[in-house]
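Below: the structure, in structure tokens.
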There are 2 protein chains.
Amino acid sequence: MMEYSIRELADLAGISTRTLRYYDEINLLKPARMNHSGYRVYTQREVDLLQQIMFYRELDVSLEQIKSIINDPAFDKRKALTDHYKRLLERRDHLDKLIAAVKKTIAHENGEVKMNNEEKFQAFKERLIQENDAQFRKEVREKYGDEAAELSNAKLLNLSEEQYHQMQETEKEMFAYLKQAMEIGDPASEQAQKAAAKHKEWLSYTWPQYSKEAHANLVDMYVADERFAEYYDRHGSGTAQFLRDAVHHMTKA
Amino acid sequence: MMEYSIRELADLAGISTRTLRYYDEINLLKPARMNHSGYRVYTQREVDLLQQIMFYRELDVSLEQIKSIINDPAFDKRKALTDHYKRLLERRDHLDKLIAAVKKTIAHENGEVKMNNEEKFQAFKERLIQENDAQFRKEVREKYGDEAAELSNAKLLNLSEEQYHQMQETEKEMFAYLKQAMEIGDPASEQAQKAAAKHKEWLSYTWPQYSKEAHANLVDMYVADERFAEYYDRHGSGTAQFLRDAVHHMTKA
DNA sequence: CATAAACGTTGACGCAACGTCAATGTCAAG
DNA sequence: CTTGACATTGACGTTGCGTCAACGTTTATG
């Protein structure tokens with residue numbers, strides 16, 4: 001049975017002993033026991049738990065939130081790991097946007113392209129939306145249960161990087177169709193139905209199985225909850241509602 | 001001349017007015033002026049400066065450090081942008097390592113691969129080294145002047161993602177040769193000279209021009225400064241010194 | 001065995017980077 | 001003019017540690 005002193009665990013993980021004592025203090029990561037001298041003793045269980053904590057830290061989750069997650073009786077290590085994976089992919093996507101933004105800013109400075117002030121901050125603000133989404137996802141889980149989240153995560157894990165990008169492309173296409181369809185103004189129009197189909201395709205990347213009912217419920221949620229609406233309405237006021245109508249039309253046909 | 005109130009600039013950038021007032025207070029980002037009511041007024045100059053600040057924030061640079069950077073009379077916007085680019089690439093590289101770590105941990109949980117505790121934290125600790133390196137890079141600049149840093153940045157900007165990965169591969173190969181050569185123990189050996197050549201090749205990705213003297217100076221620095229030594233000695237105690245000897249041999253021949 | 005260095009502990013203060021709120025002046029619209 | 005939205009300053013509080021003092025325990029060395 002491998003055991004670690006506080007120094008050993010701190011060195012193993014690349015953090016300070018102060019951090020570990022703090023985590024003990026806030027009941028985030030208790031040692032397995034205190035030995036007869038009052039020294040903390042950590043075991044393999046704590047090692048694995050610390051790794052989880054560090055993934056959450058990397059994803060800027062607050063310690064208080066990490067605590068509630070890992071102390072949840074329903075906490076499942078594998079499930080958590082798939083969640084980390086998903087979020088790291090998203091983080092990577094954000095980073096790509098920042099990289100693109102730097103490049104564009106440089107080109108702008110060189111007089112090669114035009115870039116307005118909105119664009120200068122767009123990539124940073126994307127981060128905000130994604131972080132809000134992380135908290136929101138937790139609430140979705142609470143509201144609709146683990147089933148959707150778990151199935152979604154399990155399938156996403158198997159996505160290759162290329163598939164992930166395809167998923168992003170699909171969403172982009174959906175928004176393009178939505179924009180056109182909204183100019184027409186008819187959720188039953190060909191463009192609107194193409195948008196709905198693209199949304200369905202987008203869902204297929206993460207949903208292990210599709211049902212019309214689930215699809216309809218999802219878009220209802222988009223409209224009912226302001227944060228989803230806000231995310232979609234960035235592409236034009238009323239987008240969330242329009243998508244809902246388009247999907248309802250498709251799923252009732 | 002476009003001007004922004006504090007609310008407008010905060011919204012533009014996706015941050016709080018409190019943040020902007022704090023930045024004013026600490027002399028990080030002063031408004032262009034205060035109007036007759038005592039309201040802050042920001043202009044295009046401040047917009048661009050704020051973008052810079054936000055890139056630095058994204059890269060976890062402290063505000064105090066950001067302040068000293070952008071207040072440096074030698075501060076050059078374009079130079080800074082190329083630096084952001086470089087660091088964001090590094091950050092992405094780190095993220096890839098974390099993504100790989102999650103995947104491996106999951107496979108480990110499924111009993112598909114073996115993973116020791118060291119490996120479980122390896123990706124997190126890589127981050128530490130890179131962050132130390134960021135601070136160190138600043139000191140390199142101060143010690144050796146801007147020339148090396150600037151030339152390095154300018155060339156790196158034009159690297160494609162593929163070239164960047166090749167650069168990483170080159171470093172990996174160098175370490176492989178170093179390891180073999182150190183078992184032999186002779187800095188003049190064929191393996192050692194291959195390592196030195198790989199190091200030279202690695203440098204060619206960022207150095208616009210190569211000189212033996214610069215190369216020799218660089219490896220001297222690797223040994224003289226503990227942090228470089230530590231980075232290299234992760235691959236085996238004495239690696240930095242051995243590389244220095246190998247390169248000296250090559251550059252004197 | 002004795003000693004010194006390295007290990008551990010708790011307690012406490014301090015810091016960075018804001019978030020929050022109170023009190024109050026200013027601006028804009030009805 | 002009134003009210004709501006805008007702005008200001010001042011001040012307290014939070015999170016997640018870093019740092020250090022005081023002191024007990026363990027380990028390595030002579």
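Heavy atoms only: backbone and side chains are in, while hydrogens, waters and symmetry mates are out. Residue numbers begin at 1 in each chain, while the letters A, B, ... track the order of the sequences.
- Between A:Glu25 atom CD and D:dG18 atom P there is a gap of 13 Å when expressed in whole angstrom units.
- In this structure the side chain of B:Asn110 reaches within 4.5 angstrom of the side chain of B:Ile106, judged on heavy atoms.
- Between B:Ser37 and D:dT8, a side-chain N or O to OP1/OP2 separation shorter than 4.0 Å is absent.
- In terms of polar N and O atoms assigned as donor or acceptor, the side chain of A:Tyr23 never comes within less than 3.5 Å of the base of D:dG16 in a complementary pairing.
- Under 3.5 Å, the side chains of A:Gln51 and B:Asn117 contain no donor-acceptor pair of N or O atoms.
- Close to D:dA7, at under 4.0 Å from its OP1 or OP2, lies no side-chain N or O of B:Thr17.
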| Between B:Ile15 and B:Arg57, is a side chain to side chain contact (heavy atoms under 4.5 Å, CB included) present by the stated rule, with each step listed? | CA-CA 12 Å; B:Ile15 60 177; B:Arg57 271 188 4 161; 3.8 Å; yes
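- Nearer to the 5' terminus of DNA chain C, by closest-nucleotide assignment, is the contact made by B:Glu64 (compared with the other of B:Glu64 and B:Asn35).
- Among the heavy atoms of the strands lying under 4.0 Å from A:Ile6 are primed sugar atoms or P, OP1, OP2 only; no base atom is included.
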| How far apart are the C-alpha atoms of B:Asp24 and B:Leu20, what are their side-chain angles, what is the distance that settles it, and do they pass the side chain to side chain contact (heavy atoms under 4.5 Å, CB included) test? | CA-CA 6 Å; B:Asp24 183 2; B:Leu20 286 174; over 6 Å; no
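- The residue B:Arg21 sits close to a base: some heavy atom pair falls under 4.0 Å.
- With a heavy-atom cut-off of 4.0 Å to chain B, the contacted part of DNA chain C has its first and last nucleotide at C:dA17 to C:dC27.
- If you take CG of B:Leu9 and P of D:dA7, they are 11 Å apart, rounded to a whole angstrom.
- Across all strands, B:Arg18 comes closer than 4.0 Å to base atoms (heavy-atom distances).
- A:Asp83 and A:Lys79 are not joined by a salt bridge, as no carboxylate oxygen comes within less than 4.0 angstrom of a charged side-chain nitrogen.
- The CD-P distance, from A:Gln65 to D:dT14, rounds to 19 Å in whole Å.
- Contact annotation: A:His36 side-chain N/O to D:dT26 OP1/OP2 distance is under 4.0 Å.
- Atoms CE (A:Met34) and C1' (D:dG24) sit 13 Å apart, rounded to a whole Å.
- Taking 4.0 Å as the cut-off between side-chain N and carboxylate O, A:Glu64 and A:Lys67 count as a salt-bridged pair.
- Partners of A:Tyr42 according to the ring-ring contact (aromatic ring centres under 6.0 Å, His included) rule, which considers only residues two or more places apart in sequence or in another chain, do not exist here.
- Ranked by how close their nearest DNA chain D nucleotide is to the 5' end, B:Arg40 and A:Arg57 are led by B:Arg40.
- For A:Tyr22, taking side-chain heavy atoms from C-beta onward, the closest of the listed nucleotides D:dT15, D:dT26, D:dG18 is D:dT15.
- Per the geometry, CE belonging to A:Met54 stands 14 Å off C1' belonging to D:dG16, to the nearest Å.
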